[in-house]
Asks: 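Sharing a structure here in structure tokens format.
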Amino acid sequence: GRAVVQTTTINAVEEREGRITYELGNGEQWEFVADPTRNIDFPGTRLRSGAARRVDERRGIVNANGSYFVAHRIPAGRTFS
């Protein structure tokens, strides 16, 4: 089935390399776990691919694809390249 989350409040924390936890405004907790074989690093930025799911989800993930960026603050007057 499909899970739809509708909220404007999200607290996202990168707990360790490759895992982000999300606490949603409706009280649900989700996590993103990166696939360690699908990472790309740029100076000051990391791109991770993997899957998101509810914390403590018991059903297995059959097929998923997700990604996230972690970027350092870009100094004023400079652009991302």
Side-chain angles (χ1 to χ4, degrees):
R2 293 181 181 251
V4 177
V5 177
Q6 187 172 15
T7 183
T8 58
T9 306
I10 300 173
N11 184 30
V13 176
E14 186 179 29
E15 292 188 349
R16 64 179 188 272
E17 178 67 23
R19 183 174 189 267
I20 295 181
T21 57
Y22 302 92
E23 184 176 330
L24 307 180
N26 62 2
E28 288 187 46
Q29 293 187 337
W30 286 67
E31 64 183 348
F32 179 94
V33 180
D35 177 348
T37 66
R38 297 173 57 203
N39 298 331
I40 300 173
D41 292 312
F42 302 100
T45 304
R46 296 189 310 269
L47 171 62
R48 301 295 180 249
S49 296
R53 64 179 181 194
R54 287 183 182 93
V55 172
D56 297 327
E57 178 64 64
R58 295 187 177 157
R59 295 173 290 180
I61 297 174
V62 175
N63 187 8
N65 188 21
S67 61
Y68 75 89
F69 281 102
V70 175
H72 297 283
R73 188 173 298 271
I74 298 172
R78 294 192 55 196
T79 59
F80 178 78
S81 60

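Position 1 is the first residue of the sequence; numbering continues from there. All values derive from a computational prediction rather than experimental measurement.
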Asks: Phe32: which residues meet the ring-ring contact (aromatic ring centres under 6.0 Å, His included) condition with it, sequence neighbours left out?
Replies: Tyr68

Asks: Can you name the side-chain contact (heavy atoms from CB on, under 4.5 Å) partners of Leu24, sequence neighbours left out?
Replies: Val5, Thr7, Ile10, Tyr22, Asn26, Glu28, Trp30

Asks: Begin from the C-alpha positions of Thr21 and Arg19 and carry the test side chain to side chain contact (heavy atoms under 4.5 Å, CB included) through to its verdict.
Replies: CA-CA 7 Å; Thr21 57; Arg19 183 174 189 267; 3.0 Å; yes

Asks: Applying salt bridge (Lys or Arg N to Asp or Glu O under 4.0 Å), which residue pairs with at least one partner in residues 34-43 are found, sequence neighbours left out?
Replies: Asp41-Arg48

Asks: Taking all non-hydrogen atoms of both residues, which atom of Asn39 and which atom of Ser49 are closest, and how far apart?
Replies: OD1-N, 4.4 Å

Asks: Applying side-chain contact (heavy atoms from CB on, under 4.5 Å), name anything that partners Asn11, two or more places apart in sequence or on another chain.
Replies: Val13, Glu23

Asks: Out of curiosity, Glu57 CD to Glu31 CD, how far, rounded to the nearest 0.5 Å?
Replies: 10.0 Å

